[in-house]
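Here the structure comes first, spelled out in structure tokens, and everything after it is commentary.
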Amino acid sequence: MLGNVSLRRRREFAWGRHHAHEVLRKLGFAPVPILSRVDRAPLWPSGVVGSISHSSSDCGAVAGKSNTVLALGLDIEDQEPLGADLLPLVCTSEEIERKEWSSSRFGPKLFFAIKEAVYKSYAPATGEFLDFQDVSVRTNDQSGVFEAEIVNPEKPTSFGSRTINGIYRPFVGGILALAVRFRGA
């Protein structure tokens, strides 16, 4: 399943699956293997949506029952800054101009984490890949809430909408972003 990967990557994978099993147990699901799809995303049991993420030192998982949650995406990143050369790759020209990311201690890595979480919530339902430039993000540093809009008109909507909302939170050593779409919202 993992092929020829490093011991560190195998440990991250195992810890991610451990957290996923804990979340499933708390949701009342019997223990089942969480396999990987072709794109390496977790293959959740029927009735569950979820996401797993790793950084160089942390990992976590989120899941919800599909009768209330349509999509979840989690990204965890360490506190190491992104190189300045990556800013135009991660942020759209409008995001660079607005400089919302500049008030965060994570700088552009905040938008990197948010866009990764958005992608993880988007791809399982649409089967589509999102590039960083396909998504425009607005943040609110006071509340830690974000709104991401799929700005590439060639990309399908996510459950009938081009907007995906979520939260971001710093923690010791990193930041996490969670994108979520609730049923009926």
Side-chain angles (χ1 to χ4, degrees), residues 1-2 9-55 58-77 90 110-132 134-140 143-152 154-171 174-185:
M1 179 168 31
L2 290 178
R9 177 69 182 107
R10 287 179 187 279
R11 286 182 180 149
E12 290 172 358
F13 183 89
W15 273 110
R17 291 308 194 264
H18 167 77
H19 290 300
H21 285 109
E22 285 296 306
V23 170
L24 288 175
R25 182 182 60 75
K26 289 179 181 179
L27 287 172
F29 286 87
V32 295
I34 301 172
L35 305 174
S36 295
R37 297 180 343 173
V38 174
D39 63 0
R40 298 184 354 216
L43 185 59
W44 296 92
S46 179
V48 176
V49 295
S51 184
I52 301 172
S53 185
H54 319 120
S55 73
D58 295 287
C59 69
V62 293
K65 293 181 179 182
S66 59
N67 63 345
T68 56
V69 181
L70 292 170
L72 282 170
L74 173 67
D75 191 54
I76 300 172
E77 298 293 332
V90 172
L110 169 64
F111 277 42
F112 179 90
I114 290 171
K115 290 182 180 191
E116 286 289 315
V118 166
Y119 169 71
K120 288 179 175 184
S121 74
Y122 177 86
T126 64
E128 291 280 328
F129 176 81
L130 286 177
D131 185 51
F132 290 115
D134 293 333
V135 177
S136 179
V137 173
R138 291 197 172 269
T139 60
N140 181 324
S143 64
V145 170
F146 71 81
E147 180 178 279
E149 181 183 356
I150 302 162
V151 292
N152 182 342
E154 296 178 11
K155 296 296 181 178
T157 62
S158 172
F159 298 102
S161 178
R162 294 207 157 280
T163 303
I164 299 171
N165 297 305
I167 61 169
Y168 58 95
R169 296 289 186 266
F171 62 90
I175 188 165
L176 71 80
L178 176 67
V180 62
R181 167 103 29 179
F182 291 101
R183 192 170 293 281

I want to check something: taking the side chain as every heavy atom from C-beta on, are [X] and [Y] in contact at a cut-off of under 4.5 Å?
| X | Y | result |
| --- | --- | --- |
| Tyr122 | Ile150 | yes |
| Phe171 | Ile76 | yes |
| Asp134 | Tyr119 | no |
| Glu116 | Ser53 | no |
| Val23 | Val62 | no |

Could you state the interatomic distance from [atom1] ([X]) to [atom2] ([Y]), rounded to the nearest 0.5 Å?
| X | Y | atom1 | atom2 | value |
| --- | --- | --- | --- | --- |
| Phe146 | Thr163 | CZ | OG1 | 11.5 Å |
| Leu70 | Arg183 | CG | CZ | 4.5 Å |
| Ser36 | Arg17 | OG | CZ | 4.0 Å |
| Ser55 | Ile175 | OG | CD1 | 12.0 Å |
| Leu35 | Trp44 | CG | CH2 | 12.0 Å |
| Asn140 | Glu147 | CG | CD | 11.0 Å |

State, to 0.1 Å, how close [X] and [Y] come at their nearest heavy-atom pair, and which atoms those are.
| X | Y | value |
| --- | --- | --- |
| Val32 | Pro45 | CG2-CG, 3.8 Å |
| Leu43 | Ile34 | O-CG2, 3.8 Å |
| Arg162 | Asn152 | NH1-O, 3.6 Å |
| Ala61 | Gly16 | CB-O, 4.2 Å |
| Val137 | Phe111 | O-CE2, 3.5 Å |
| Tyr168 | Val145 | CE2-O, 3.6 Å |

Polar side-chain atom of Lys155 near backbone of Glu128 as donor-acceptor pair, under 3.5 Å: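 Side chain of Lys155 to backbone of Glu128: no pair is present.
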
Under 3.5 Å: donor-acceptor pair, side chain of Lys120, backbone of Ile52: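 Judged by distance alone, yes, a pair lies under 3.5 Å.
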
Residues forming a side-chain contact (heavy atoms from CB on, under 4.5 Å) with Phe29, sequence neighbours excluded: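 Phe29 satisfies side-chain contact (heavy atoms from CB on, under 4.5 Å) with Leu24, Leu27, Val48, Lys65 only.
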
Using salt bridge (Lys or Arg N to Asp or Glu O under 4.0 Å) as the criterion, list what pairs up with [X], not counting sequence neighbours.
| X | answer |
| --- | --- |
| Glu22 | Arg25 |
| Glu149 | none |
| Arg37 | Asp39 |

Those residues that, when tested against Phe112, pass ring-ring contact (aromatic ring centres under 6.0 Å, His included) (two or more places apart):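 So Phe112 forms a ring-ring contact (aromatic ring centres under 6.0 Å, His included) with Phe132.
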
ring-ring contact (aromatic ring centres under 6.0 Å, His included) partners of His19, counting only residues at least two apart: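 Testing His19 for ring-ring contact (aromatic ring centres under 6.0 Å, His included), a comparison that skips the adjacent residues, returns Trp15.
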
